[in-house]
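Presented below is the structure to which this report refers.
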Amino acid sequence: MLPESWKDQLSLVSADDYQIMGNRIPNAVTKLPGLETGDGDGGNGGAWVSKPRRIVVSNQLPLRAHRDISSNKWCFEFDNDSLYLQLKDGFPPETEVVYVGSLNADVSPSEQEDVSQYLLEKFQCVPTFLPCDLLNKYYHGFCKHYLWPIFHYLLPMTQAQGSLFDRSHWKAYTKVNKIFADKISEVLNPDEDYVWIHDYHLMILPTFLRKRFHRIKLGFFLHSPFPSSEIYRTLPVRDEILKGFLNCDLIGFHTFDYARHFLSCCSRMLGLDYESKRGYIGLEYFGRTVSIKILPVGIHMGQIEEIKVAEETAEKVKGLRERFKEKIVMLGVDDLDMFKGISLKFWAMGQLLEQNKELRGKVVLVQITNPARSSGKDVQDVETQIHLIADEVNNKFGRPGSGYKPIVFVNGPVSTLDKVAYYAISECVVVNAVRDGMNLVPYKYTVTRQGSPVLDEALGFGAGDVRKSVIIVSEFIGCSPSLSGAIRVNPWNIDAVTDAMSSAVTMSDKEKNLRHQKHHKYISSHDVAYWSRSYDQDLQRACKDHYNKRFWGVGLGLGFRVVALDPNFRKLGVETIVPAYKKTSSRLILLDYDGTMMDQDSLDKKPSDDLITLLNRLCGDPNNLVFIVSGRGKDPLSKWFGSCANLGLSAEHGYFTRYYFY
Ligand SMILES: O=P(O)(O)OC[C@H]1O[C@H](O[C@H]2O[C@H](CO)[C@@H](O)[C@H](O)[C@H]2O)[C@H](O)[C@@H](O)[C@@H]1O
């Protein structure tokens with residue numbers, strides 16, 4: 001007997017009956033050479049196969065846009081720095097990649113249709129245009145000032161640290177996720193395509209998609225940290241977001257800790273258990289297995305290698321060498337936000353010079369600060385604070401006569417080529433964030449320090465020199481577990497960061513070389529293509545059973561999920577039971593108790609008088625053998641059902657059985 005609330009929901013249409021045609025574009029069709037079609041085309045034909053297709057979904061498209069001043073026309077180009085563009089190298093050859101996301105440009109409504117058409121044809125990109133007010137509430141409001149701080153372990157105690165939960169911002173987040181689902185629906189071939197959603201901006205998008213396409217092949221990768229359940233559970237919409245994740249087939253995280261936090265949230269908030277088998281972690285969710293993947297992202301080796309061999313880079317390097325002549329350069333490259341620990345790093349720099357007189361005038365901390373990705377008091381405060389501390393350190397230890405400043409800012413935007421030039425001249429990189437999902441700065445730094453003929457020449461790298469690099473990395477960021485040769489620090493412990501800086505400067509070249517080689521070997525073999533290939537293969541594996549099961553849609557709104565059943569499984573309806581009951585003369589009736597005869601949410605679990613009467617009627621028929629099968633103990637069951645003559649009880653999952661036979 002199903003609880004009332006289930007009855008309507010189970011009768012929702014199944015995915016098999018659900019079709020949205022819209023203006024979906026077909027997969028490109030290719031002729032497979034060498035295969036006869038037998039269609040009488042003179043033996044020259046091949047089998048028609050459609051190319052494999054991946055739909056990569058991210059908040060922003062991997063495009064750069066600007067308006068040409070003279071023609072007033074929009075100009076677009078692929079953004080080679082975008083991870084979402086780089087990851088296609090890991091997909092099988094011939095794969096068509098379609099991108100769905102927003103444009104970093106304010107395209108007026110009258111231009112949107114033309115721009116959409118152009119981007120689809122030229123770049124396989126599908127833009128989601130968001131009205132300004134919606135974008136502000138969704139991105140600056142909910143994403144950057146609510147989710148971002150909480151996922152980085154900062155609870156919104158005061159307005160300066162983020163915003164309190166605002167239902168209108170949550171509504172905007174929901175609406176934008178739905179707009180993304182609409183856009184994906186326009187291009188999706190649900191039987192063929194794999195959809196891969198990225199990052200925390202789109203955590204409930206899977207629910208909208210699963211609702212429309214029950215069998216959709218759906219992956220998600222979270223690039224930010226997933227916080228401990230004690231932090232996560234403060235979200236008023238915690239269940240909706242968890243259920244969004246669970247509507248995927250594969251959920252990816254950078255680190256074991258993020259996956260562990262997610263699994264404990266599923267266990268504590270939704271009562272779900274996971275299984276780990278032969279290296280695979282899977283969560284059972286209404287008959288579906290949701291797989292978990294732990295693999296940190298890597299960098300695009302080709303991009304850095306290309307920059308390393310460019311003459312322009314060598315020229316920059318020569319210029320920087322001249323500028324920082326006879327100085328030991330430590331480098332920081334960070335986005336401007338609350339979590340990058342820039343001020344803690346500057347305090348440590350001040351302390352390093354305070355404690356080590358001999359380093360004054362010699363060591364420089366160059367700080368590249370990428371432009372802030374959001375605006376608000378939090379960002380302004382960070383900016384004001386880091387400049388105050390830098391001024392304090394520079395005023396105390398700087399030497400105006402010689403132009404020496406211990407902390408040197410390079411304010412953004414700084415091109416990737418320029419960053420590579422800075423990596424090349426730096427003895428050490430300091431990544432001191434108090435939280436960061438991954439952070440690829442140490443990877444790019446290490447690969448640059450492996451050198452190239454033009455870089456070696458620009459750096460004066462001689463026959464007796466060894467490749468070396470030193471990484472100081474916060475233990476609170478995703479790349480930390482992968483960098484076994486790094487000096488790991490607690491960024492909050494200024495003494496420890498100071499000591500790490502001192503070791504980085506004084507460490508022997510031999511040791512720097514050993515650490516460098518170790519990192520380079522790992523980073524070059526675990527690049528972005530390795531990551532996306534591995535993810536893609538696991539996504540295919542996670543979806544392989546989709547057509548061996550029947551899927552039923554259940555639940556309303558953001559609580560929607562599908563129930564996956566064996567193909568032979570049929571819904572047991574009254575219309576089937578009654579005739580079968582009447583036709584038979586020897587019946588075994590096994591009844592589950594909690595959640596079947598008794599509502600799961602009921603506080604009083606004792607059977608009602610009506611239920612006892614009903615059971616007695618069933619048991620009163622000599623053709624029936626009736627059992628209650630439950631995980632409950634024998635004592636409460638015996639007590640509750642003592643008045644039911646002829647009722648069998650199987651308590652404690654079958655450990656105790658009470659038979660009553662005629
Ligand atoms: O600022 P947003 O537009 O909300 O985007 C968030 C950040 O996305 C990117 O970083 C994230 O992915 C990186 C690659 O996996 C990872 O290294 C980092 O830790 C994640 O936060 C982007 O690089 C950042 O600039 C964005 O702030």
Side-chain angles (χ1 to χ4, degrees), residues 56-63 79-87 90 101-104 128 130 135-136 138-154 162 169 173 176-177 196-203 220-227 252-255 257-258 293-300 303 333-342 368-376 378-379 382 412-414 416 419 429 431-445 473-474 476-483 523 526-528 530-532 535:
V56 174
V57 190
S58 54
N59 180 42
Q60 282 204 348
L61 287 169
L63 288 177
D79 176 0
N80 291 325
D81 289 335
S82 169
L83 186 80
Y84 307 124
L85 184 70
Q86 298 169 351
L87 62 77
S102 292
L103 270 177
N104 196 6
T128 52
L130 307 175
L135 176 71
N136 277 334
Y138 148 75
Y139 183 71
H140 297 290
F142 200 71
C143 290
K144 293 288 347 176
H145 284 99
Y146 186 68
L147 285 176
W148 179 258
I150 291 182
F151 275 52
H152 289 74
Y153 285 72
L154 186 65
H169 291 179
Y173 184 81
V176 170
N177 277 244
W196 188 5
I197 303 170
H198 291 267
D199 223 357
Y200 75 106
H201 317 87
L202 301 169
M203 291 184 292
F220 186 96
F221 193 91
L222 184 70
H223 291 265
S224 81
F226 194 99
F253 298 96
H254 287 304
T255 71
D257 281 345
Y258 302 160
K293 168 110 187 144
I294 302 166
L295 186 66
V297 70
I299 58 166
H300 194 280
Q303 185 200 21
V333 180
D334 299 285
D335 287 352
L336 189 66
D337 71 42
M338 288 184 286
F339 304 102
K340 297 302 186 286
I342 303 175
I368 297 180
T369 312
N370 301 323
R373 300 181 60 87
S374 181
S375 53
D378 53 330
V379 176
V382 171
V414 178
T416 307
K419 282 178 191 160
V429 78
V431 187
N432 206 47
V434 295
R435 288 282 164 194
D436 204 348
M438 179 64 189
N439 201 312
L440 292 168
V441 166
Y443 283 33
K444 293 176 189 164
Y445 163 69
V473 70
S474 156
F476 296 108
I477 71 179
C479 65
S480 165
S482 311
L483 296 169
I523 293 165
H526 291 76
D527 63 353
V528 66
Y530 174 91
W531 171 76
S532 58
Y535 186 92

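Position 1 is the first residue of the sequence; numbering continues from there. Note that ligands are numbered from 1 as they come in the structure, with each ligand's atoms numbered from 1 the same way. The structure displayed is predicted, hence computed values, not measured ones.
Qualifying ring pair (Phe, Tyr, Trp, His ring centres under 6.0 Å) partners for Tyr258, counting only residues two or more places apart in sequence or in other chains: none.
Open room surrounds CG on Asn104; 12 or fewer heavy atoms of other groups in view lie less than 6.0 Å from it.
Aromatic ring centres of His201 and Tyr173: separated by at least 6.0 Å.
For the atom pair CD (Gln86) and CH2 (Trp531), the distance works out to 10.0 Å, reported to the nearest 0.5 Å. Here the CG atom belonging to Asp334 is positioned 4.5 Å from the CD1 atom belonging to Ile342, to the nearest 0.5 angstrom. Taken to the nearest 0.5 Å, the CZ atom of Phe151 stands 13.0 Å off from the CZ atom of Arg435.
Using a heavy-atom distance under 4.0 Å as the criterion, the protein contacts of ligand 1 are Tyr139, Lys144, Trp148, Tyr200, His201, His223, His254, Val297, Asp335, Arg373, Asp436, Gly437, Met438, Asn439.
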